[in-house]
Amino acid sequence: MILKKEFYERETITVAKQLIGKKLTRKIKNLKLTGIITETEAYRGRDDPASHAATNLTNRNQIMFGPVGMSYVYFTYGMYFMLNVVAKSKKQNAGAVLIRGIYPQDGIKIMIKNRGMKDVNKITNGPGKLTMAMNISMKENNLNLTKKSSIYISEGIIPKKIKKSPRIGITKAIDKKWNFSIMSKDYF
DNA sequence: TAAGAGATACTCT
DNA sequence: GAGTATCTCTTAA
């Protein structure tokens with residue numbers, strides 16, 4: 001079951017928490033790569049200084065102001081792509097959830113090849129790593145994740161325990177615990 | 001095993 | 001021109 005648009009049309013933080021344990025699918029031609037989402041972060045709009053959408057509309061962040069359930073891919077640190085899903089309630093002007101980590105399910109061999117390292121526990125446990133393993137780049141920006149296409153998110157497992165932490169790699173609003181994660185042993 | 005720094009290019013001011 | 005929602009390697013203990 002692919003998650004519908006309504007799933008994303010809620011408070012960004014709620015969506016971030018509920019995306020934990022869901023299944024991310026990436027299709028490349030006849031290849032299928034999937035993984036269980038293990039870590040997410042919520043980024044809101046004007047009320048969140050750490051968010052790209054904290055300032056006015058720009059070329060890069062405009063997707064965060066647009067329709068929910070779309071992908072928001074951007075480039076950072078000169079090397080890495082980040083994968084986000086637009087998610088916000090009707091009251092918010094903007095918002096998105098950063099997918100920070102997955103645990104590989106299908107197509108593990110391909111992901112190992114894309115990453116050039118063998119340890120399955122380390123090939124997709126970071127936002128820059130998973131986009132590399134799944135071959136995600138700016139071409140995957142602004143796609144509809146609620147439809148069966150080259151990327152989508154569907155029902156996965158019910159996580160046992162979700163951990164809350166401050167968000168990673170930011171300097172503003174570090175008091176907000178909007179990072180959610182599970183350990184692989186907490187899947188069931 | 002932990003800590004530190006370099007790589008590298010795009011976006012906004 | 002400065003800063004960045006990161007990763008990996010190197011070094012040292």
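To find a chain, count down the sequence lines: A is the first, B the second, and so on, and within it residues start at 1.
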Please identify each residue that fulfils ring pair (Phe, Tyr, Trp, His ring centres under 6.0 Å) with Phe65(A), with sequence neighbours left out. none
Chain A reaches DNA chain C, atoms under 4.0 Å from its heavy atoms, from dT4(C) to dT8(C)
Please work out if Arg167(A) contacts a base, only the sugar-phosphate, or nothing of the nucleic acid, heavy-atom cut-off 4.0 Å. nothing
Remaining members of Ile2(A)'s ILVMFWY cluster at a side-chain heavy-atom cut-off under 4.5 Å? Tyr152(A)
With sequence neighbours excluded, tell me which residues meet side chain to side chain donor-acceptor pair (under 3.5 Å) with Asn56(A). Arg46(A)
Using a side-chain heavy atom cutoff under 4.5 Å and only I, L, V, M, F, W and Y, what cluster partners does Ile168(A) have? none
Does the ring center of Tyr74(A) lie less than 6.0 Å from the ring center of His52(A)? yes
Just to verify, what does Phe7(A) make a ring pair (Phe, Tyr, Trp, His ring centres under 6.0 Å) with, not counting sequence neighbours? none
To the nearest 0.5 Å, how far apart are CD1 in Ile123(A) and CE in Met134(A)? 9.5 Å
Within residues 112-122 of chain A, which residues have any heavy atom lying less than 4.0 Å from an atom of DNA chain C? Arg115(A), Met117(A)
What residues form a side-chain contact (heavy atoms from CB on, under 4.5 Å) with Thr34(A), not counting sequence neighbours? Lys23(A), Thr25(A), Lys32(A), Gln105(A), Asp106(A)
Whether each nucleotide of nucleotides 1-9 of chain B has a protein heavy atom under 4.0 Å at its base (B), only at its sugar-phosphate (S) or at neither (-) is summarised, 5' to 3', as ------BBB
Test item: Lys17(A) side-chain N/O and Ile13(A) main-chain N/O as donor-acceptor pair under 3.5 Å: no
Kindly say whether Thr58(A) contributes a backbone atom to a donor-acceptor pair with the side chain of Asn61(A) at under 3.5 angstrom? yes
How long is the line joining NE2 of His52(A) and C1' of dC10(B), in whole Å? 11 Å
Report which part of the nucleic acid Ile168(A) touches: base, sugar-phosphate, or nothing (heavy-atom distance under 4.0 Å, all strands). sugar-phosphate
Partners of Gln92(A) by side-chain contact (heavy atoms from CB on, under 4.5 Å), sequence neighbours excluded? Glu11(A), Thr12(A), Arg44(A), Lys88(A), Ser89(A)
Holding to side chain to side chain donor-acceptor pair (under 3.5 Å), I want the full list of residues that pass it with Asn179(A), two or more places apart in sequence or in another chain. Glu39(A), Glu41(A)
DNA chain C in dot-bracket form (Watson-Crick or G-U pairs under 3.5 Å, [ ] crossing, | inter-strand) is ||||.|||||||.
Could you go through the side-chain contact (heavy atoms from CB on, under 4.5 Å) check for Tyr8(A) and Leu3(A) one step at a time? CA-CA 8 Å; Tyr8(A) 302 100; Leu3(A) 301 178; 3.9 Å; yes
